[in-house]
Structure formats: C-alpha cells, structure tokens
2 protein chains.
Amino acid sequence: MRGRSDVLEPAILGLLHESPMHGYELRKRLNLVLGSFRALSYGSLYPCLKSLVERHWIEGTESVVAPHTVASKRARIVYQLTADGKEHLQQVLASSGPAAWEDENFDVRFAFFGQTDAETRLRILEGRRTRLTERLETIRQSFARTRERMDEYTLELQRHGLEQVEREVRWLDGLIDNERGLRRTRPAGTGRPTAADTPAVDDDVAPARTTEKERG
Amino acid sequence: MRGRSDVLEPAILGLLHESPMHGYELRKRLNLVLGSFRALSYGSLYPCLKSLVERHWIEGTESVVAPHTVASKRARIVYQLTADGKEHLQQVLASSGPAAWEDENFDVRFAFFGQTDAETRLRILEGRRTRLTERLETIRQSFARTRERMDEYTLELQRHGLEQVEREVRWLDGLIDNERGLRRTRPAGTGRPTAADTPAVDDDVAPARTTEKERG
DNA sequence: GTTAGCATGTAAGGAGTTACATGATTTT
DNA sequence: AAAATCATGTAACTCCTTACATGCTAAC
C-alpha cells in the first residue's frame with residue numbers, strides 16, 4: 001500500500017530537480033516522461049510523494065497563492081528536493097547497471113539524460129541496444145521455428161513486433177552516433193539527435209557489445 | 001492471489017482452442033501472443049489455469065507420454081477446452097467493445113483474429129485506430145504547448161513516441177484496407193497484409209469514426 | 001555424476017489501478 | 001446554478017513478479 005516505486009520515484013525526483021511543483025502539476029508532466037503516455041493515477045502519486053517526504057528526499061511547503069493570479073486555486077503543497085534528495089538523485093542518475101536499460105526504466109532514464117554525464121549516457125544507450133539485439137535474436141529464432149504452424153494474423157503480429165524492435169535499434173544507433181560526436185553527413189539541421197535515414201529494414205544488427213548479468 | 005486475469009485468460013483459452021497443451025508449452029506460446037515478448041512467469045500461469053479449471057472452462061488430463069519420444073518428460077497435465085469453455089471463448093471473441101482495442105488487450109485480440117468474424121475484426125481495428133488518433137492529438141497538443149521549456153532529450157523522447165504512434169496508425173490503415181478487400185496496387189506478393197508503402201510521415205490522420213464511452 | 005532443461009506448483013509481495021471522499025475555484 | 005477543472009488524499013483490489021519448493025529426464 002505504500003507508494004515505493006522504482007519507475008515513479010526517480011521520475012518524480014528528476015522533475016522536482018528541474019523545478020519545484022505541486023502534485024497535480026507533477027502528474028501531468030509525469031505522463032510525458034513515463035513513456036507510452038499512460039495516465040498516472042493520484043492513487044499512485046500521492047502515496048509516493050508521502051513516502052519520499054518521510055525519507056527526507058523531498059519536502060512540501062503549503063503555498064497559498066495570491067487569489068488574483070492566473071493559477072490561483074486552493075492552498076497547494078509545493079514539493080522540492082532536499083539536499084539529501086539531490087545527492088540521492090545524482091547517485092541514481094550516475095548508475096548504469098542493467099536495470100537502467102530495461103523496458104520499464106529506460107524511458108525515464110533517457111528523459112533525464114540532460115542531468116546525466118556523457119559516459120553514463122553512452123553506457124545506457126549501448127546496454128539498451130544490446131538488450132534489444134538479444135530480443136531480436138529470440139524473436140527471429142521462434143519466428144523461424146514456428147512459421148509454418150502459424151496463421152496469417154499471428155504471423156503479422158510477430159512480423160510487426162519484429163519491425164518495431166528493429167526500428168528501435170536503428171533509433172538507438174542514431175543516438176549513439178550522436179553521443180560519440182560522429183554526427184554523420186548532416187551538418188546543421190534541426191538540432192535534435194538525427195536518427196538514421198536509411199529506408200532499408202533488413203540490415204544485420206551488430207553483435208552484442210556489452211555484458212549482461214551483473215544485477216546492480 | 002487468484003489467477004483471474006483479463007489479458008491472460010483469453011490468451012490461454014484461444015491457444016487451447018487451437019490445440020490442447022500442457023502448462024510449460026503454453027507459457028512459451030503465450031509469450032509470442034501477449035505482445036512485447038515479455039516472459040510470463042509460472043506464478044501467473046498455473047494459478048490462472050487452476051481457476052479456469054474451477055470454472056469448468058478447461059479440463060486437465062494427466063498424460064504420461066511414452067519415454068522414447070522426443071518430448072518425453074515427467075507426467076504432464078494436458079489442458080483442453082470444455083464445451084462451456086468453447087462457448088465462452090466464442091462470446092469473448094465476438095465482443096468488440098472499447099476494451100478490445102485498449103493497449104493491454106489489442107494484441108491478444110488481434111492474435112486470434114483467425115477465430116474472429118470479419119465484422120468484429122473491422123470494428124476492433126477501426127476502434128484501435130480511433131484510439132491511437134486521439135492519443136496522437138493529445139501528444140501533439142502537449143508537444144506544442146511545452147516545446148520551449150523542454151531540453152533536447154525529453155524532446156527527442158516525445159518526438160520518437162509520436163513517430164511510433166504515427167507508424168502504428170499507418171500499420172492499422174494497411175490492415176483495415178486489407179479487411180475491406182480493397183487490396184491496393186500490389187497484386188501477389190508475400191501473402192501477408194500489406195502495410196502502406198508511403199514514406200511520408202506527416203499526412204493528416206482521419207477524424208474519429210467510432211464512438212467511445214460505452215463500457216461494455 | 002552433475003549440469004541444464006522440462007514440468008508443476010505455492011506464498012509473499014510489489015507496483016500500480018479504480019473507486020471513493022472532500023472541497024475550492026472557474027467557466028458556462 | 002450547474003458543470004468542469006483544480007487539488008489532495010485513502011482503501012480496497014488486481015495483476016503480475018520473485019523466490020521458493022519439488023522432482024524428473026537428457027546431455028555432457
């Protein structure tokens with residue numbers, strides 16, 4: 001029943017580090033960072049905030065805003081990081097163990113790359129790439145093994161899933177190249193990390209580069 | 001603590017309808033159908049099987065396989081649908097309410113389109129499309145509102161998420177066209193439903209065609 | 001003869017959801 | 001005056017996971 005989470009907690013700390021906020025506002029921002037754009041419920045958020053306060057990583061101050069302001073509602077509790085909280089966040093953001101590139105955590109970690117050092121960024125991106133490459137291998141094998149026995153729709157579902165992961169790998173390739181400063185043949189552009197442009201789908205993915213199994 | 005699920009249950013029933021199986025084998029097949037290729041744990045599977053037996057939708061018969069066969073292990077419990085179970089499955093597969101096209105359920109429903117009638121298939125595909133189109137709108141709005149205040153990485157995360165949903169919509173477009181029998185200008189080919197070929201990304205998506213809010 | 005894979009389960013717990021409860025403020 | 005939105009919270013529940021417990025069979 002307590003709100004201790006592994007995805008939610010770093011996300012909250014990361015957002016509060018960017019700027020202090022009250023719960024209701026936090027929730028909206030959270031939905032963008034948490035990936036897949038699902039709506040986080042208050043039943044998760046407030047207990048988690050409570051638990052963070054108890055552990056002295058954040059503190060909430062009741063702030064009654066002047067009633068003529070644009071956003072002038074009821075007395076709100078604005079949360080901000082404590083010194084302990086900032087320290088803890090830096091520690092979390094510096095970690096680059098396998099947990100960082102698993103499905104549940106990767107999006108949140110990526111969202112706070114702006115507060116993460118370059119070396120850690122690269123390790124996480126490469127770990128993620130290796131993880132997806134392994135998955136690709138698994139899918140392809142089961143694909144080859146069971147292709148005959150499958151009907152049209154199951155086949156299409158798998159084909160589509162495979163394609164999505166392949167696309168994800170190419171996205172990561174672009175990001176990794178960018179991190180290494182090798183910004184290919186595309187000088188100025190939009191300013192965002194350039195994904196690979198090649199329209200081809202079936203290029204072989206590189207072999208695994210990072211080790212798994214160290215459970216940090 | 002009982003294994004009653006909403007995703008797992010139909011998936012099990014659907015697979016057992018294709019052919020009777022024991023739990024261990026079921027698990028492997030399940031991972032392909034459940035989407036995103038995560039490994040389902042036995043701690044979920046067996047309690048769910050138990051509960052399905054209790055409700056008389058499946059029945060398990062202990063089958064000791066001859067010990068010289070390729071797959072010849074310990075006495076296994078082979079599960080198959082009962083008459084009740086078949087009836088229930090048909091009822092589930094015939095339903096095309098909003099639940100069918102939500103994230104959690106869509107993949108499973110799609111995987112069993114081979115056992116679903118054409119009308120229901122089309123309704124689910126269109127419902128899914130409308131759902132994703134709405135999400136696209138939400139993302140684009142928050143994108144436009146907060147673009148300035150966001151750093152490089154948060155921006156890239158959102159851009160990538162947006163692109164994924166756009167791609168998903170185009171995939172659905174191809175499937176819907178296929179279901180309508182309009183198979184565009186691509187005669188023979190591979191036999192699989194042809195996704196749209198257009199490399200352009202920013203075509204406007206059609207307005208909502210199906211109604212939400214009927215919870216049934 | 002021991003490791004790896006097959007096979008079936010249970011108990012405890014984690015991470016979230018929905019539904020409920022309350023009340024202020026803004027818009028229609 | 002009603003409806004929508006802002007704002008904070010709790011209780012009960014769901015779905016799934018991890019860790020445990022057991023034992024058989026195949027391969028090295």
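Note that this is a predicted model, so its numbers are computed, not measured. Order of the sequence lines sets the chain letters (A, B, ...), proteins ahead of strands, with each chain counted from 1.
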(request) Give the rounded distance in Å between these two atoms: CD1 of A:Ile77 and C1' of D:dC6. (result) 14 Å
(request) Specify the residue among A:Ala39 and B:Leu49 whose closest nucleotide of DNA chain C lies further upstream toward the 5′ end. (result) B:Leu49
(message) Distance check needed: C:dG13 C1' versus A:Asp6 CG, whole Å only.
(response) 14 Å
(message) I need the CD1-P distance between A:Ile12 and C:dG16, as an integer number of Å.
(response) 10 Å
(request) Please list, chain by chain and in numerical order, all residues satisfying ring-ring contact (aromatic ring centres under 6.0 Å, His included) with A:Phe113, sequence neighbours excluded. (result) A:Phe110, B:Tyr153
(message) One thing to verify: whether A:Arg29 and A:Glu18 come together as a salt bridge, which I'm taking to mean a side-chain N less than 4.0 angstrom from a carboxylate O.
(response) yes
(request) Quickly work out the A:Tyr42 OH to C:dA19 P distance and round it to whole Å. (result) 16 Å
(request) Before accepting this row, confirm whether a basic side-chain N of the pair B:Glu156/B:Arg159 lies closer than 4.0 Å to the acidic partner's carboxylate O. (result) yes
(request) Report the end-to-end axis angle of the helix from C:dG1-D:dC28 to C:dT28-D:dA1; each axis comes from five terminal pairs, and the value is rounded to 10°. (result) 40°
(request) Tell me, please, whether B:Tyr42 has B:Arg27 positioned over its six-membered ring: NZ or CZ under 6.0 Å from the ring centre and within 45 degrees of its axis? (result) yes
(message) Taking the nucleotide of DNA chain C with the nearest heavy atom to each, does B:His22 or B:Lys50 sit closer to the 5' end?
(response) B:His22
(message) What is the distance, to the nearest angstrom, from the CD atom on B:Glu104 to the C1' atom on C:dG16?
(response) 12 Å
(request) May I ask you to say whether A:Asp103 pairs ionically with A:Arg135, meaning some side-chain N is under 4.0 Å from a carboxylate O? (result) yes
(request) Nearest whole angstrom, please: distance from the C1' of D:dA11 to the CG of A:Leu45. (result) 17 Å
